[in-house]
Each structure stands twice: as C-alpha cells, then as structure tokens.
Amino acid sequence: MKIAVTFPIPEPAKALLSDLFDCRFWESEVPIPAGTLAEWLSEVEGVLTTLTCPLDQAALSGASHLKVISTVSVGVDHIDVDYAKSKNIAIGHTPGVLTDSTADLAIGLMLAVGRRLAEGDAMVRKGAWSDGWKPNLLLGTDLSQSTVGLVGMGPIGQAVAKRLAGFGCRVIAWNRSPKEIAGVEFTDLNTLLSSADIVSLHTALTDETRELIDRDRLSLMKDQAILINTARGAIVDERALADELAFGRLRAGLDVYSEEPLPLDSVFHSLPGCVLLPHVGSATERTRRAMFEMALANLISGVRGEPLQAEL
Ligand code: GLV
C-alpha cells in the first residue's frame, strides 16, 4: 500500500511508516509544489499532511485511490472537506490533545498584551531601562478581575474559561449553539464584543466564521480592549484590525494570520499595542508528540479501511 507525507517528519515516524507502507516523503521545508502533490495523490491510498498544505479540489480531483487524509492539526480549513467526503475519503485530525497547550497560550497572550511583556523585554535588552523602578513605567491592564469574552465554546474555549476562573475574571461567551457551562454567561456576539475587556477567539474557520469579526464588530469593542486570536487569522478582518491598532484604539495578541508566514511587508510588524507570535498554539514537545501519534494512528487505520481514532 502506498502513502505520501507532504512535509518533513521526524526519522522515527519515517521508519515506522516505511516498515508498513511504500512511502513518498516530501523532505524539503519548501512547500510541496501543487503539481507534485496532485501526482503523488493520484497514486496513494493515504496522505499524512498538515495545515501548510492545501488539499483543495485541484489537489484531490485525481486522487482515485485515496482512502484517508490524516492531518497533524485540529483545524481542517486547508482541506476541501465536502469534496473529500464526496469522494469517500476519510479525514482524520488531532482534536483534544492540543486543547491545553492552546488554552495556555491564549492566557499567555492576554497577559503579554495587558502587561506589555514584549515591550518590557525589548526595553531591557536594548539597554533602555536606565533609571530603575518608576511609578509609571510600562503601566498595563490586569487580567485579574477583567471581563473576558470567548467566541466559540468548544474544548479550547472551555479550557480557557477554566483558567480564567483562577484569575477571578467574569467570563462571557458566544457559541453558535448556546451551552450550559458553570461560571460562563452566554450572550449574543455583539453584546459580548461591546462588554468585554478582552475578546478571545476559539472558533473553527468555516464559511460562516470567515471575517466573523469584521470592521463593524471590531468597532463595537471597548476602547483599549484586547483581541486575542489563537484560532485562525481569517476569522478577523485583519485590515480593519490593523486600522484599530494603528489608531491605538484596540490592542491585540495574535498567533495566527490569514497569510502565514506573516509577509515581511505586513503592516502588523510596525503596529503598536500588539504581540505577534508565529502560530505556536500547540507547539510544546508533549503536545506535538501526541498530535503526531494520533495522526499516524489515523493514517494507518484509514489506509487499512478501519475506523479512525479521530475522524471528522
Ligand atoms: C493548529 O492551528 C491546528 O489546527 O492544529
């Protein structure tokens, strides 16, 4: 049985797959070219991939033997899910195992933006901290006791809510279908945006959530409120967000962008009031290992025609 791997993977994973299957490994850090991807997909029964590799209709149309797409990610917005399903291709992903790491990072960004951690670090490193403790040096805002609005209350939103309880925050939330969660007040999206000191996004990117946080909705946010995005960049109208940051009206902690890597000429690089990370929500040793294990299990089961551990 043949499989393809569309991105460089660790040697032990390669050895395991090579023992089981006839494998094509894409070894380069440069993304696999569309033509090569389509050619490989036309030959294989399984593909191990990740979110940097779009599996759209063009890539999948010739994939006549493909039984399973296994992505090392919880998000599947890089895959044309409806099209894959119409071709009876199973889709495996990695929910659950990255919930805590991503929730931790969201809290980290709330603290980093509110308490101006990146500015403080830069000041010390460049020798600009010249006159010791000062009563008004780098004054920020507290996470403790603040009102935090969570957009999307799946497992990651719920894990963030749990952490916020420890900070004594009032937690309000919006979800497509309201839920009963102790300590969380559900509300409509516009009320959430206009009431929260911090808004944190935890929804998947779908046709419904693309630019859900558009210019009008951003304008509802309180002056100096903080937008945290560890979900997907395209959930926000980034141009409108950049305008709000440029005016100094809002602040933001961003781990994700509609175009990744963030282009070198992106306006975000020069904007004040924001902390920018390179899409590292799940980037801990333990979590990445767990994601890999789950994705390999999904791939192997899918190629064998067995149920996946985590199937979409
Ligand atoms: C990361 O963004 C993921 O979807 O796993």
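Start at 1 and go down the list; that is how both ligands and their atoms are numbered.
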**Asked** Any idea which residues sit under 4.0 Å from ligand 1, heavy-atom distances?
**Response** Leu51, Ser73, Val74, Gly75, Leu98, Arg232, His279, Met291

**Request:** Ignoring hydrogens and angles, tell me if any N or O in the side chain of Arg24 forms a donor-acceptor pair with the backbone of Leu41 under 3.5 Å.
**Result:** no

**Prompt:** Are Asp100 and Arg163 ion-paired here, with the side-chain N under 4.0 Å from a carboxylate O?
**Reply:** yes

Using atom types as modelled, flag every donor-acceptor pair under 3.5 Å from a side chain in residues 135-149 to any protein atom, sequence neighbours excluded.
from   : atom 1 : to     : atom 2 : distance (Å)
Thr141 : OG1    : Arg251 : NH1    : 3.1
Thr141 : OG1    : Arg251 : NH2    : 3.1
Ser146 : OG     : Leu143 : O      : 2.6

Distance-only donor-acceptor pairs under 3.5 Å for side chains of residues 211-218, two or more places apart:
from   : atom 1 : to     : atom 2 : distance (Å)
Asp214 : OD1    : Asp216 : N      : 3.3
Asp214 : OD1    : Arg217 : N      : 2.9
Arg215 : NH1    : Asp243 : OD2    : 3.0
Arg215 : NH2    : Asp243 : OD2    : 3.0
Arg217 : NE     : Asn190 : OD1    : 3.0
Arg217 : NH1    : Leu212 : O      : 3.0

Donor-acceptor contacts under 3.5 Å from residues 299-312 side chains, at least two apart:
from   : atom 1 : to     : atom 2 : distance (Å)
Ser301 : OG     : Ala297 : O      : 3.0

**Request:** Run through Val160, Leu201, Leu109, Leu150 and flag the one making a side chain to side chain contact (heavy atoms under 4.5 Å, CB included) with Ile228.
**Result:** Leu109

